[in-house]
Amino acid sequence: MDFTYFLVLLAAISPVLATTPLVMWHGMGDSCCNPLSLGSIQKMIEKLVPGIYVHSLEIGSGIVEDTTNGFFMNVNDQIAMACQKIKADPKLAKGYNSIGFSQGGQFLRSVAQECPYPPMLNLISVGGQHQGVFGLPHCPGNSSSICDMVRKLLNLGAYVEFVQDMLVQAEYWHDPLNEAEYRNKSVYLAVTNQEEKVNTTYKVNLQKLKKFVMVMFTEDTMVQPKESEWFGFYKPGQTKELYTLQESPLYTEDKLGLKAMDQAGKLVFLKAPFDHLQFTQEWFEQNLLKYVQ
């Protein structure tokens, strides 16, 4: 082989060899491949990082089922399915970066905690609600009837057993006016946040991340409170005063290893001056691109 040709060939393939695969998880009302939302973000990333392999998680069989499962499939079952799909993809076998949008952010954190193989390297949570929500002011998606049903079920009682079993948003509903009920009856968020019982494996696995990047939208009108995107939340018993991650028992007692990760420089807190998920390509390039390459 001509040496000059070899150098040209090496230069052509080196970006492909250097890139790390990426796993994405969409938010409420979206799907893996919607060309107007997550699909366009995938195309943007593929353009910015030539040769990158992107696995956008489809929870179910087809876009319609993927979308409805974002409302009505038990979160723990979704995480089990996501872990299975990631493990079954040979292109992810040596490790991958991940980026989750809105509720996909906390769901991918659960993947990191529960499914360490193949290894997740960097986790980017874009507007994820890591301490849950207390309010549903907007409900995205094309079906207003689904959003109406979600609101009715939350009003009926977020911690009623059958609501917890089948309504995704109830499973990360965090009522600061009744913390005891949240800790005892939340089948997903209270468990993944180690509220009542510490699972040492979750803690060990999460600390394997190289970076855990959390994006909070400073103009967010969707997430209540927006500080949940940085693990902040309302202080118990009221809905005005807030605590930060560093002030929470999750941190001070280091239930998830977040304090250790923070001290090791593994936690990255970013502010995005937009409403929920309304970031620009320029902002993405300047702030997140380095974590997906």
Side-chain angles (χ1 to χ4, degrees), residues 11-60 62-64 66-67 69-70 82 85-86 89 91-92 94-109 111-112 118 120-129 138 140-142 209-223 226 229-230 268-293:
I13 66 174
S14 59
V16 177
L17 296 175
T19 58
T20 300
L22 179 68
V23 170
M24 303 199 304
W25 198 332
H26 62 80
M28 176 177 69
D30 200 2
S31 67
C32 66
C33 316
N34 187 331
L36 299 178
S37 52
L38 203 62
S40 65
I41 293 174
Q42 179 173 343
K43 287 185 178 180
M44 176 189 74
I45 293 172
E46 290 170 341
K47 182 178 180 181
L48 293 172
V49 187
I52 192 171
Y53 171 70
V54 179
H55 182 139
S56 189
L57 288 166
E58 183 178 78
I59 306 302
I63 290 177
V64 173
D66 187 20
T67 303
N69 281 343
K85 286 176 176 286
I86 290 168
D89 189 339
K91 294 183 179 180
L92 304 176
K94 294 183 179 180
Y96 62 96
N97 295 321
S98 68
I99 182 167
F101 299 90
S102 197
Q103 67 184 26
Q106 64 260 33
F107 296 170
L108 276 173
R109 172 166 64 89
V111 170
M120 185 186 296
L121 306 176
N122 293 330
L123 167 58
I124 307 168
S125 169
V126 184
Q129 304 101 52
H138 305 295
N142 297 322
L209 290 172
K210 293 182 177 180
K211 294 289 184 182
F212 180 8
V213 182
M214 288 166 273
V215 177
M216 179 174 70
F217 292 96
T218 61
E219 309 306 309
D220 205 318
T221 60
M222 165 76 79
V223 176
K226 65 180 183 296
E229 296 164 4
W230 280 6
V268 180
F269 300 91
L270 297 178
K271 290 183 178 180
F274 313 102
D275 200 350
H276 195 65
L277 301 185
Q278 301 302 306
F279 57 88
T280 63
Q281 179 173 327
E282 179 183 15
W283 187 90
F284 185 95
E285 288 187 64
Q286 291 177 351
N287 294 276
L288 298 183
L289 186 59
K290 60 185 175 182
Y291 300 110
V292 302
Q293 292 178 309

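Because the structure is a prediction, the values reported are computed rather than measured.
- Separation of atoms CZ (Arg109) and OG (Ser98) is listed at 12.0 Å; rounding is to 0.5 Å.
- Taking the side-chain hydrogen bond (donor to acceptor under 3.5 Å, both in side chains) definition, one finds that Ser125 meets it with His130, sequence neighbours left out.
- With hydrogens and angles disregarded, a donor-acceptor distance shorter than 3.5 Å links the side chain of Gln106 to the backbone of Gln129.
- Evaluation of the ring pair (Phe, Tyr, Trp, His ring centres under 6.0 Å) test over residues 26-46, restricted to residues two or more places apart or in two chains, returns none.
- Put simply, CG on Leu38 and CG on Asp66 are 9.0 Å apart, with the number rounded to the nearest 0.5 Å.
- Ser31 and Glu58 form no side-chain donor-acceptor contact under 3.5 Å, judged by distance and modelled atom types alone.
- What you find for Leu57 and Lys85 is that their closest heavy atoms are CD2-CB, 4.2 Å.
- For the side chain to side chain contact (heavy atoms under 4.5 Å, CB included) test, residues two or more places apart in sequence or in another chain that qualify with Lys211 are Asn122, Val213, Val268, Tyr291.
- Every residue meeting the side-chain hydrogen bond (donor to acceptor under 3.5 Å, both in side chains) condition with Glu46, not counting sequence neighbours, appears here in chain and number order: Gln42.
- The aromatic rings of Phe274 and Trp283 stand perpendicular to each other, their planes meeting at an angle above 60°, with 30° marking the opposite boundary.
- Put simply, the side chain of Phe279 does not reach to within 4.5 Å of the side chain of Asn287, judged on heavy atoms.
- Of the N and O atoms on the side chains of Asp89 and Tyr96, not one donor lies less than 3.5 Å from an acceptor on the other residue.
- Considering only residues two or more places apart in sequence or on other chains, His276 meets the ring pair (Phe, Tyr, Trp, His ring centres under 6.0 Å) condition with Phe217.
- Listed by chain and residue number, Glu285 satisfy the side-chain hydrogen bond (donor to acceptor under 3.5 Å, both in side chains) test with Gln281 (two or more places apart in sequence, or in another chain).
- Each of Ile99, Leu121, Ile124 was compared with Leu22 under the side-chain contact (heavy atoms from CB on, under 4.5 Å) criterion, and only Ile99 meets it.
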